[in-house]
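Encoded as structure tokens, the structure appears first; notes follow it.
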Amino acid sequence: MLVEAIVVLFIALCLSYSWFFGFWDRRKVVNVKFEFTYLTFSRAFIKNEHLHDIFADIYRKYKSYGTVGFYTILSPMLLVTDPELVKDVLVKEFNKFHDTVMEMKKEVDPLLALNPFVAKGMEKWKELRSIQASNMTTVRFKEVIPIMYRVAENMVNYLAEKKMEPIGAKELSFLYTVDNSCSCGFGVEPSAFTDPENNFVKYANSDKIFKPSPYTMLFHFLLPRMANILKLRISSEDAEEFFKSFVQKMIEYRTSSNITKNDFINYIMKLNQKLKEENKPVYSKLELAAHCLTFYADSTETSSNQLAFFLLDLANHQDVQDKLRKEISSISKSPIDFDLEKVNSINYLNMALNESLRLHTQGNWLSRTCTQDTVIGNAPIPKGTKVFVPIGQFHKDPEYFPDPEKFDPERFSEENKDSIPKYTFLPFGEGPRICVGFKFALLQIRLAVIFLVLNFTILPSNEDGKEEIVLENAPLPTPAPTSKLKFKPINTY
Ligand code: HEM
């Protein structure tokens, strides 16, 4: 009897196994049956390699098919390799692909659970996105530019005092983005460069918010439900405590002293007031803290990585830096003359920054969950399928960007930029779910570079003229502390 039971069980397992791994074959979609699952286990889980490299291998092998199916242990997934089909997923068929793959339960990570990035369902996503979008208008940028000048001036003074002592590119950029986020978002006096005890730098830094173990991130992207069942949180409890108490104190202080400031905290306070007047449920204190953390975390980490990479690129390409300095100083030698329009319209700055965004893409892939049965190219996609867009691979594909490892801003010149195929350059994503903060990010990065190149020559920290760009083992591409820079004053103004 026992033998029969084992045989039946074995046959049942084999059948369900071949049924599961036949998902894409039944739909006649080219697929890798075990390869992805095997690579994920052998390289990502055991050797701690980045999931990005595994996607890169699959992309290179199966690019010509336009889409390629693959499997994790629990679900079939699809990689879209044809840029034309990417447009379908991100834009044309958005109503069927409005969710990302990440899921974050409030009980697991209450501060990250209200980030629009993880919102599920069109209504919830719109509600959460509109809160962040309120802080991202042109009117708002014009208001915050004078605050950003002060932060950038603090950075210049800090570097002048350092007298060419090498400093980590990421360390410097992080102090700058922390001060920008706190002063523009929360009305806090900028002090990251002057106060070594700055609480945001201490309690809400990259390690505490953005560096869960690589396994945690793997679970969140590939097996999101399991990640929640296992209660794998991304932000640390320290950061949660700090943020909760900061936002609560801020709201209490402003309410008791009747202080109004034109910033994000004020916006969420007014939003709650409005909800109360309309007899709708208001956001709890923890939820208000979560909205603040969304703005803070998203605007400090990605922007500081991207700024750090850009400064390293400029240090390694003095010809580009010289040309950039010439173009900027031909407009004005004084950084505070650069209003919003001027900051955004320096052509060579935009070309060089685009090239840096291409080379050091932050979100290496975009993800969507299909919410209604549909067809992409020739691939029938049932509801629930997770779809990935490999933007990091597009950015390094020689077909779209010849000699892809070369830092060459000319790719984005007026004459050349139209030869870049549509949907192959997507550093901020595309469609209705495009990064809500991309204009803020570009503004703060451009402004930092204007202040820096007008005041300093940005140099590699070593004598041989090249700074090695070493990557940390972090979910987002991040320059390691060993990638340093020196700033030689040039007294231009
Ligand atoms: C250079 C810096 C930045 C880069 C490279 C970047 C990149 C991205 C990417 C690739 C996405 C995913 C888009 C998609 O799924 O189609 C995204 C989403 C998002 N970003 Fe950024 N980002 C940056 C800065 C910022 C800033 C400053 C904020 C400020 C609040 C921000 C807030 C967000 C939010 C809230 C989302 C989710 C949007 C949604 O799902 O509707 N990001 N970002």
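Atoms within each ligand, like the ligands themselves, are counted from 1 in listed order. Note that these values count all heavy atoms, side chains included, but never hydrogens, waters or copies made by symmetry.
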Practice task
For atom 26 (C) of ligand 1, grab the closest protein heavy atom and report residue, atom and distance to one decimal in Å.
Solution key: Asp298 O, 3.5 Å
Practice task
Just do the side-chain contact (heavy atoms from CB on, under 4.5 Å) check on Gln321 and Val453 with the steps written out, would you?
Solution key: CA-CA 8 Å; Gln321 194 185 140; Val453 297; 4.2 Å; yes
Exercise for the section: Run the contact test for Val436 against ligand 1 with a 4.0 Å cut-off on heavy atoms, strictly below, and give the result. Expected result: yes
Practice task
For atom 29 (C) of ligand 1, grab the closest protein heavy atom and report residue, atom and distance to one decimal in Å.
Solution key: Met136 CE, 3.7 Å
Exercise for the section: Kindly state whether the ring of Tyr62 and the ring of Phe70 have centres lying under 6.0 angstrom apart. Expected result: no
Practice task
Would you please determine whether Phe428 falls within less than 4.0 Å of ligand 1 on a heavy-atom basis?
Solution key: yes
Exercise for the section: Say whether Thr100, considering both its backbone and side-chain N or O atoms, lies within less than 3.5 Å of an N or O atom on ligand 1. Expected result: no
Handout entry: Pair Gln444, Ser303: side-chain N/O donor-acceptor within cut-off below 3.5 Å
Key = yes
Practice task
Run down the list Ala133, Pro427, Gly363 and name the one with the heavy atom closest to atom 7 (C) of ligand 1.
Solution key: Pro427
Fill in the blank from the handout: Quick look: Asn115 vs ligand 1, heavy-atom contacts under 4.0 Å, and the answer is side chain
Problem - N/O separation below 3.5 Å, Trp125 to ligand 1 - result: yes
Handout entry: Protein residue, atom and distance nearest to atom 40 (O) of ligand 1, heavy-atom basis
Key = Arg433 NE, 2.8 Å
Handout entry: Proximal ligand 1 atoms for Gln362, defined as those under 4.0 Å from one of its heavy atoms
Key = 5 (C)
Handout entry: Smallest separation among heavy atoms of Glu467 and Thr482, with atom names
Key = OE2-O, 3.5 Å
Exercise for the section: Assess the side chains of Ser299 and Ser181: does a donor N or O sit below 3.5 Å from an acceptor N or O? Expected result: yes
Practice task
Considering heavy atoms of the protein only, find what lies nearest to atom 28 (C) of ligand 1 and give residue, atom and distance to 0.1 Å.
Solution key: Gly437 CA, 3.5 Å
Exercise for the section: Give the residue, atom name and distance (to 0.1 Å) of the protein heavy atom nearest atom 42 (N) of ligand 1. Expected result: Cys435 SG, 3.0 Å
Handout entry: Close aromatic pair by centroid cut-off 6.0 Å: Phe200 and Phe242
Key = yes
Problem - Part of Phe438 with heavy atoms under 4.0 Å of ligand 1, whether side chain, backbone, both or neither - result: neither
Problem - Proximity to ligand 1 by part of Arg368, non-hydrogen separation under 4.0 Å - result: side chain
Handout entry: Nearest non-hydrogen protein atom, atom 38 (C) of ligand 1
Key = Arg129 NH1, 3.5 Å
Problem - Side-chain touch Leu172/Tyr158, heavy atoms, less than 4.5 angstrom - result: yes
Fill in the blank from the handout: ligand 1 atoms nearer than 4.0 angstrom to some heavy atom of Gly429 are 10 (C), 16 (O)
Practice task
Check each heavy atom of Thr302 against ligand 1 and say whether those closer than 4.0 Å belong to the side chain, the backbone, both or neither.
Solution key: both
Problem - Between Phe425 and Phe412, ring centroids under 6.0 Å - result: yes
Exercise for the section: Mark yes or no for whether Ser483, through its side chain, and Glu468, through its backbone, hold a donor-acceptor pair below 3.5 Å. Expected result: yes
Handout entry: Least distance between heavy atoms, Thr72 atom then Met77 atom
Key = CG2-CE, 3.7 Å
Handout entry: Modelled atom types, side-chain donor and acceptor of Gln393 and His52, under 3.5 Å
Key = yes
Problem - Atoms in ligand 1 flagged as close to Gln306, the criterion being non-hydrogen separation under 4.0 Å - result: 1 (C), 5 (C)
